[in-house]
Amino acid sequence: MDDLQRVLEWFSDAGVSDVTADESRVRRETKKEVSSLAELREIVSKVDIPLKNCALNMVFGVGNENADILFLGEAPGAEEDKQGIPFVGQSGRLLDKMLAAVGLDRTKVYITNILPWRPPGNRTPTNQEIELFRPYVLKHIALVDPKAIICLGGTATKALLQTSEGIMRLRGKWARIDGVSARILPTFHPAYLLRSPSQKREAWLDFLTATEGTR
Ligand code: URA
């Protein structure tokens, strides 16, 4: 194993893989265990990636930091980019309604995304971007330590489960991955539900399953 690979493995063990930043800075940043969301937010804000040059704000996470259910979306859109808060646009308004339909709100759950910066033109995150941020997402999940994770849509599901299986096959089925104690339930993304309202019932059932599964 060469030196670079050893260093990268060491970063990854520390919960971070800031592969694009300069090595000595990343070494300093990751030497200490990341033990709070505030600390992780600081580290993520320093990830050196072109994506952030096109964005207005970093969108880290919102909600109850001790929540039993964590919602994982894909990436901020235009409104989230403006406000620096996940799911505050059209999709977010639908998400809020769906939460209310199962007796939840943003004070009871935690919400974050795979990417903390808006991809230009709302394009889908690239595999490289997903790979870069996945260790941070895993750290984010570990710090909140939820009982269940609801993956909103195909991109978040593929990124977290590292699968190429589509959301149509995966939704509504509990899954697990190594290193994450929470059970994972993929469902449809609110943006998809806005286009295909007939599928709202399935997503509502998934929200209900997750809520009941964490009681
Ligand atoms: N879509 C997402 O996946 N995340 C957001 O924060 C907003 C829209």
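All ligand and atom numbering here is 1-based and tracks the order in the structure. Computed from a predicted model, the values in this text were never measured in an experiment. Residues take their numbers from the sequence shown, with the count starting at 1.
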> Of all the heavy atoms in Gly89, does at least one lie under 4.0 Å from an atom in ligand 1?
Replying inline: no

> What part of Glu74 sits under 4.0 Å from ligand 1 if we count only heavy atoms: the side chain, the backbone, both or neither?
Replying inline: both

>> Closer than 3.5 angstrom, by distance alone: can the side chain of Thr211 be matched with the main-chain N or O of Phe207 as a donor-acceptor pair?
In response: yes

> N/O of Phe87 under 3.5 Å from N/O of ligand 1, yes or no?
Replying inline: yes

> Can you check salt bridge (charged side-chain N to carboxylate O under 4.0 Å, His left out) on Glu129 and Arg123, steps first, answer last?
Replying inline: CA-CA 12 Å; Glu129 287 163 349; Arg123 64 158 171 73; 2.7 Å; yes

>> When you measure from the heavy atoms of Glu79 to every atom of ligand 1, does any distance fall below 4.0 Å?
In response: no

> Of the protein's non-hydrogen atoms, which lies at the shortest distance from atom 1 (N) of ligand 1, and what is that distance?
Replying inline: His189 NE2, 3.3 Å

> What residue and heavy atom of the protein are closest to atom 4 (N) of ligand 1, and at what distance?
Replying inline: Asn113 OD1, 2.8 Å

Expected list for residues 179-194: side-chain donor-acceptor pairs under 3.5 angstrom, two or more places apart:
| residue | atom | partner | partner atom | Å |
| --- | --- | --- | --- | --- |
| Thr187 | OG1 | Asp206 | OD2 | 2.5 |
| His189 | ND1 | Ala191 | N | 2.9 |
| Tyr192 | OH | Gln199 | NE2 | 3.1 |

>> Considering non-hydrogen atoms of the protein only, which is the closest contact for atom 5 (C) of ligand 1, and what is the distance?
In response: Ala75 O, 3.4 Å

> Which atoms of ligand 1 have any heavy atom of Pro86 under 4.0 Å away?
Replying inline: 6 (O)

> With a 4.0 Å heavy-atom cut-off (strictly under), which part of Ala156 contacts ligand 1: side chain, backbone, both or neither?
Replying inline: neither

> With no hydrogens and no angle check, is any side-chain donor or acceptor of Lys52 less than 3.5 Å from a backbone partner on Trp117?
Replying inline: no

> Once you round to the nearest 0.5 Å, how far does CD1 of Ile141 lie from CD1 of Ile177?
Replying inline: 6.5 Å

> Is there a donor-acceptor pair under 3.5 Å between the side chain of Glu74 and the backbone N or O of Ala156?
Replying inline: no

>> Closer than 4.0 Å to some heavy atom of Gly73 - which atoms of ligand 1 meet that?
In response: 3 (O)

>> Go through it in stages, so that I can follow the logic: the residues are Glu33 and Lys139, the test is salt bridge (charged side-chain N to carboxylate O under 4.0 Å, His left out), and I'd like the CA-CA distance, side-chain angles, deciding distance and then a yes or no.
In response: CA-CA 11 Å; Glu33 245 320 295; Lys139 193 74 199 175; 3.0 Å; yes

